[in-house]
Each structure stands twice: as structure tokens, then as C-alpha cells.
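What follows is a single structure, written as C-alpha cells, with notes after it.
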2 protein chains.
Amino acid sequence: MTTRRPTVVQVARRAGVSIASVSRVLNGKAARPDTTDRVRAAAAELGYLPDAAARSLKLGSGRQVTLAVDDIGNPVYSELMQGVVDGLSGSGARLSIASTGQEPSELSALVRNLSRGLADGLVISPLRRSSELLRSLVDSPIPVVVVGNLADAVPLDSVRIDSAGAVRLAYRHLQSMGAARIAFVGGPPDTAPGSARLTAFRQLAQHDDGRVLVTGSFTVRSGERAWNKLAALSKAERPDAVLAANDLLALGILRGALSAGVAVPEQLAVAGIDDITFARVFSPALTSVSLRSRERGRLAAELLQHRMSEPSAPPQMRTVTPRLVVRESTCRS
Amino acid sequence: MTTRRPTVVQVARRAGVSIASVSRVLNGKAARPDTTDRVRAAAAELGYLPDAAARSLKLGSGRQVTLAVDDIGNPVYSELMQGVVDGLSGSGARLSIASTGQEPSELSALVRNLSRGLADGLVISPLRRSSELLRSLVDSPIPVVVVGNLADAVPLDSVRIDSAGAVRLAYRHLQSMGAARIAFVGGPPDTAPGSARLTAFRQLAQHDDGRVLVTGSFTVRSGERAWNKLAALSKAERPDAVLAANDLLALGILRGALSAGVAVPEQLAVAGIDDITFARVFSPALTSVSLRSRERGRLAAELLQHRMSEPSAPPQMRTVTPRLVVRESTCRS
DNA sequence: TTGTAAGCGTTATCAT
DNA sequence: ATGATAACGCTTACAA
């Protein structure tokens, strides 16, 4: 039960060598074959595992990566997380999750409190990019990779997405399906993706009469509320297509419309952004623009590992191309 | 940029006291008021944060909790994770995720490799409970809480669920809605929940002619495949209700049925188990039995913290009661 | 109440 | 090639 974990000392004793030799062998440095064997054998017999805390203390850094997001409940972040796991796999690094839940971005505070040993590297995907947060990130004593579109001047590794392109893809698709009045259901405008996608839509629709609704959160509930507002419009004003700023909002719209007996896509076409795993499962399956969350997570993990091994390299950037996935909610084939 | 993190030594120098006083003050031990003030001030000015690795090494344990699950992609586990976060919040403990992804449960290996400092406590929800895994858990040098139904003899803290009760709830409900032939779509029988739910169904349906299908995984795809088998049955054999072993399977059935033009619930009623967040969003919304994943996560975190502070207390057990949530997929109101 | 010093388990430097 | 030893930053007897 309370067997004390074996340390290098026990291994050394058992192998009849010094602790230095044990450390060397276990870290793959050269040693005489028989020394190597004896140490390996002793370690195996004792079930020795190095103490991560001690190693981290000595080395000045462990292999602990933290992923910080605003809301782990959103499937997008689960996928991002899976991507990070993919990118980390094989490196021996471990992943921690830090989610601030619903609170208005406590991420800055969280970032400041990441002490070494708890986190040796950070992947962060902040909904809101306050200058305070950016400052904490730039000043962070540990390597940071941001998943999101930073201003070019910010000296941080980042994985970006072409937001405007994503919105355009969906918008053009809806148009090509014959939609005349396309409404936009946006997320909170004070968030980075919220404002980027809103701006992109406004630019695209400036000559069309696209109605714009803004919601308080990127959730299904908000989508349902937005639907209610849409349903209250006069017949002439009612859109024949909705472009939602993310899939959760789109699903809310979808649910609202179907409950009200509106046929999708016949009477109302609906498209989202993110292409969460569930998008294809719904009925009708949701047309969406994939932002490749999993790939972004993987790329972020790669950038982070690069930076952890090469702390003073110039900041790098990866950009992921959005991809339209047409399904039943816009096009009954 | 590469500012070396301040340590107790710098704080002590700045405050004009010894490192011992710094440690004492920062850990809330009594000290003279002016000493306290000077230390606090110095720490604040320097932006001092204790090194988690060093503290963990010295104390023999940090506050790092690991959650190990088979597949983070399943929303049930996201909810479990959120529950663990809830239960940990305020305790200063941090959460790590370990997921083996799709691989045939490598959890045993994972558990054996949890070195101290990386994980000071473990919450594990294993799909398969091999005796090998159980042994690693019982022998684990760090506190462990299992989310799942252990044999009573296993001396481990656990959070359990009444599987048989959950299946019964759904079965009786389907019967009460007038279903005559209820089919069961089970998960992999070599998993703990897979076999428990299957056994429960067989017991309930032994006098009825309930058909039983078994799938290879708890996923939407498997559900869709199961639907195809169901659809291939002769009209006389076809069920008028399906009870799926989890919501992902149920959603697959739902999707298959709707695509085939089968009306749900009129021609086929569908019920799942787990009550994932998305269950209510689907159309028709999915009837499901809630296993209160989030609450189970919270309870697991509480048990773990208790054990971490009281290592030799007798094993505890919490049992969560399943709850039927009736929605449109079984009952058009 | 405060300071000195030991030690947690590891890696790395320096002799040998 | 190997062994003795110092050091990473922290907490905690023990002394003063």
C-alpha cells in the first residue's frame, strides 16, 4: 500500500553503481554495456519511475502543457483539445486543462498564476483578447502559443484562421442555393471571433439587405432566442436563409425553426461555422464551414514544442484554410 | 523576456528577512505584523509565485489531479470533466487530462506511468475493467477514485450508478408509451457499461420478444450501422421502439430512421442513456436517462480530495440515482 | 518570533 | 566510464 516509491538511490544500490550512473543510463547517455544492463534490470525490478517534480525542479522545466479555454462545454474546444493531444503524443508531454467556465474572461488572472512546474508551456484560445491578457501573454515566463488571429505586431506564436474567408464561403453558398434575404446571427461582438465574423458579414452584405442579429453567447440557447426574434418579423422581412456565427447558434436556430414547423432547408436554409462533430448527425444535417479545430490544436502543439526547445526563435504563424461542408440544412439533394 | 523568476531568496532579500520567514508568511503561519507586511509587499513587487515543482518535491505531493478516460471525444466525458472541475474549484488543485483516444484501452499502462509530481491524485472512468487495471489501481502509489461500479471487494473509492435501474426506467417508459416490440442496441459487451446494460435489458425483456443488437463501439456510427440491420428485418420482426445503451448510439438510430423516412416517435420510438447536453437539441429531442455525469465528476473530485487529505480512511462509495428525461423521441406531446 | 540548515529526487560538473 | 557532490526552490525542524 504505502510502499515508498523507489528513487535513484535504491536503483543504484541494487545495481551496485552510483546514482550518477543510474541517471546517465536512464537518460540514454553512453555507459559500459554491463553497467547499462544492470541499471536497466534494477530499475525494472523495482518498478522505478523518475519523480517528475524533482526532475522538473532540476531541469527548470518539465513537460507539462496547459490548454486554456473559456468554455470546455463547447465541443469546438473538445476538438481543439484532441488536436493538442494528437500533437503532443509521443513527445512525453502531458496536457492540463484550464477552463474559466462562464466567468467573464478570467483568463488573464489564470495566465498570471501559472507557476513553473504546473505549466511549462501554454496553448490558449481566448474568446476575448483584452490588452491586459495580451500583455500577460507576452510577458509570460513560459512559452505561449495563441490559437486565434493576433495583430501582426504581437510577438507570439499563433495559429490563425481566415475568418472573413469562412463567412464568405457560407454566404456565397447560401446565395448560390437561391437565398435572397440572408440573416446573420452573430455571437458576442466583444469577442474576437464574434467581431471578426460580424465584420466579415457586414462587408459581404453591404449591398444586400441582410439583417443582423447579435447574441450574448455562442450557445444553443442564444440561437433559440435569436430564432424567436426572427420569427417575430413580418413576413416580408423574414429571411430565407440564416448564417450563424457558429454551429451552436445554428443548431439553436434549427431547433427553433423545426419546432415552429418551418421546413429546413425548403423554407429556411441554415448554415453554421465550426463544423463540430455533431453537425452531420443532426436532422437535417447542418451545413457548416470547418475551421479544422483539431488540426489547429495539433499545429498549436507543434509550435509550442518547437518554442519550448528553441525559446528565442522568431515568432511563427500557421494559418488554416476554412472548408465548406455542404449538408442537408441548405440543400436537399 | 528571459527574466529569471524570483525565488524566496529574492523576496527575503528585498524584505530584509530570512527565507524561512518568507515561507512562513506566504503559507499563512503566524508572524509579527510588520514582518508579514514587508514580506507581502516584497512578494507583490517582485511578482513572486512559488515554484510548483519545488514545492511538490519538498511536500511529497502537489495538487495535481489527473482524469483518465478512454475517449475524450464522447460528450459524456466532457461533462464528467466539467464536474471534476466543479468539485476541484476553490481547492487550488489543477486538473490534467489523460485520454487514450480510440486505442484499445491502454489505461493500465497509463496508470502505471503516472509519476508523482505529474499526478498526485487520479480520477478514472474505465470502459473496460481488466483485472490488470484493477491491480494497478489498488497498488497505485497515489490516491485513486473510480467512476464506475466496482466489485464490493475492491478497496477503492468509487462513484457508482444504478445501471439496471437506468435501463429499467427507459424500458418501462417505452412500454408505457405503448411499445410492443422493444429492441435493444447495446455497446461493446466487453466493456463495463456495455455488459451491465445488456444484462439489465435481457433480464427485463426475458418474457417479451425483445431483439438484441450488439455494436462495436459507443458511437453514432455504430448506431447508424445498427439501424441498417434493424431496417433489414422483415416487417413482422421490426421493433416499434429502440432502447440504446447510450445517447450516441441512440442518435445514430435516430439519424438512420429519419433518413429512411421513418417517423419518430410515431413509427419508431427511440430512447438513449446518458442524457448528453445535445440530447435536447436534436429534433426530435432525444428521450434519455440521465446518469448525471457532471454530478458524478463532482462527487469523484470530492472523494479524491478527502482521500488525499486522509490517505488511510476506509474506502467510500457514492451512488447516483438515474433520472428519466422524457422528450419528443418517445412521446409527441 | 526569527534565522540557520537540512533535505526532498533529480541532473550535471568535476575529479578520478 | 564512473563516482562523489553540488544545486534546483521550497518547507520545516531546531536553535537562538
Side-chain angles (χ1 to χ4, degrees), chain A residues 2-40 42-43 46-64 92 114-120 141-142, chain B residues 2-40 42-43 46-64 92 114-120 141-142:
Chain A
T2 318
T3 353
R4 219 178 166 66
R5 297 174 68 84
T7 73
V8 276
V9 176
Q10 344 276 355
V11 177
R13 251 204 272 285
R14 179 150 193 144
V17 298
S18 73
I19 61 167
S21 289
V22 172
S23 176
R24 276 190 290 257
V25 168
L26 265 26
N27 290 325
K29 319 256 195 219
R32 225 170 33 204
D34 73 301
T35 308
T36 306
D37 292 346
R38 293 226 304 282
V39 170
R40 290 247 167 79
L46 261 38
Y48 169 80
L49 280 177
D51 181 307
R55 168 179 264 169
S56 174
L57 172 59
K58 178 61 186 169
L59 259 23
S61 164
R63 314 200 48 61
Q64 190 78 236
L114 289 174
S115 54
R116 192 182 63 67
L118 271 186
D120 306 297
I142 64 174
Chain B
T2 318
T3 354
R4 221 179 162 64
R5 297 174 68 85
T7 73
V8 277
V9 176
Q10 344 276 353
V11 177
R13 252 204 270 286
R14 180 149 192 145
V17 299
S18 75
I19 61 168
S21 290
V22 172
S23 175
R24 277 189 290 255
V25 168
L26 265 26
N27 289 325
K29 321 256 194 218
R32 225 171 34 202
D34 72 302
T35 308
T36 306
D37 292 346
R38 293 224 303 283
V39 170
R40 290 246 166 81
L46 261 38
Y48 169 80
L49 280 177
D51 181 308
R55 166 178 262 165
S56 173
L57 174 59
K58 177 62 188 171
L59 260 25
S61 163
R63 314 199 48 61
Q64 191 78 236
L114 288 176
S115 54
R116 191 184 62 68
L118 273 186
D120 305 297
I142 63 174

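Per chain, numbering begins at 1; letters A, B, ... match sequence-line order. Given the structure is predicted, the values throughout are model-derived calculations rather than measurements.
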Can a side chain N or O of [X] be found less than 4.0 Å away from OP1 or OP2 on [N]?
X	N	result
A/S18	D/dG3	yes
B/T7	D/dC8	no
A/R24	D/dA1	no
A/R32	D/dT2	yes

Sugar-phosphate, base or nothing in reach of [X], heavy atoms under 4.0 Å:
X	answer
B/S21	sugar-phosphate
B/S56	nothing
B/V17	sugar-phosphate
A/L57	base
A/A31	sugar-phosphate

inquiry  = Checking A/N27 against A/R55 for the side-chain contact (heavy atoms from CB on, under 4.5 Å) test, could you report, in this order, the C-alpha distance in whole Å, the side-chain angles of both residues, the deciding distance, and whether it holds?
reply    = CA-CA 12 Å; A/N27 290 325; A/R55 168 179 264 169; 3.1 Å; yes
query = Can you tell me how far the CD atom of A/Q64 sits from the CD1 atom of A/I142, to the nearest 0.5 Å?
reply =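 CD1 of A/I142 is found 10.0 Å from CD of A/Q64.
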Separation of A/D51 CG from A/T7 OG1 (nearest 0.5 Å) = 9.5 Å
Please tell me which of the listed nucleotides, [options], lies nearest to the side chain of [X]?
X	options	value
A/A20	C/dT11, C/dA12, C/dT1	C/dA12
A/V8	C/dA12, C/dG9, D/dT11	C/dG9
A/T35	C/dT10, D/dT2, D/dC10	D/dT2

Could you tell me the separation between the [atom1] atom of [X] and the [atom2] atom of [N], rounded to a whole number of Å?
X	N	atom1	atom2	answer
B/R38	C/dT1	CZ	P	15 Å
B/N27	D/dA13	CG	P	13 Å
A/R13	D/dG3	CZ	P	14 Å
A/D51	C/dT11	CG	C1'	13 Å
A/K29	C/dT13	NZ	C1'	12 Å
B/Q10	D/dC10	CD	C1'	13 Å
A/L46	C/dG9	CG	P	14 Å
B/L26	D/dT11	CG	P	8 Å

request  = Report, as yes or no, whether the 6.0 Å neighbourhood of atom CZ on A/R63 holds more than 12 heavy atoms from other residues, nucleotides or ligands.
outcome  =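 Result for CZ/A/R63: enclosed.
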ask   = For the side chain of A/K58 and the base of D/dA7, is some donor closer than 3.5 Å to an acceptor across the two?
value =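 A donor-acceptor contact between them is present.
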ask   = Do A/R5 side-chain and C/dG9 base share a donor-acceptor contact under 3.5 Å?
value =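 Answer no: no donor N or O sits under 3.5 Å from an acceptor.
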request  = Name the residue closer to the 5' end of DNA chain C, choosing between A/P6 and B/A30 according to the nucleotide with the nearest heavy atom.
outcome  = B/A30
ask   = Is the shortest side-chain N to carboxylate O distance from B/D34 to B/R38 below 4.0 Å?
value = yes
task = For side-chain contact (heavy atoms from CB on, under 4.5 Å), just list the numbers for B/Y48 and B/V22, CA-CA rounded to whole Å, side-chain angles, deciding distance to a tenth of an Å, and then say yes or no.
result = CA-CA 11 Å; B/Y48 169 80; B/V22 172; 5.5 Å; no
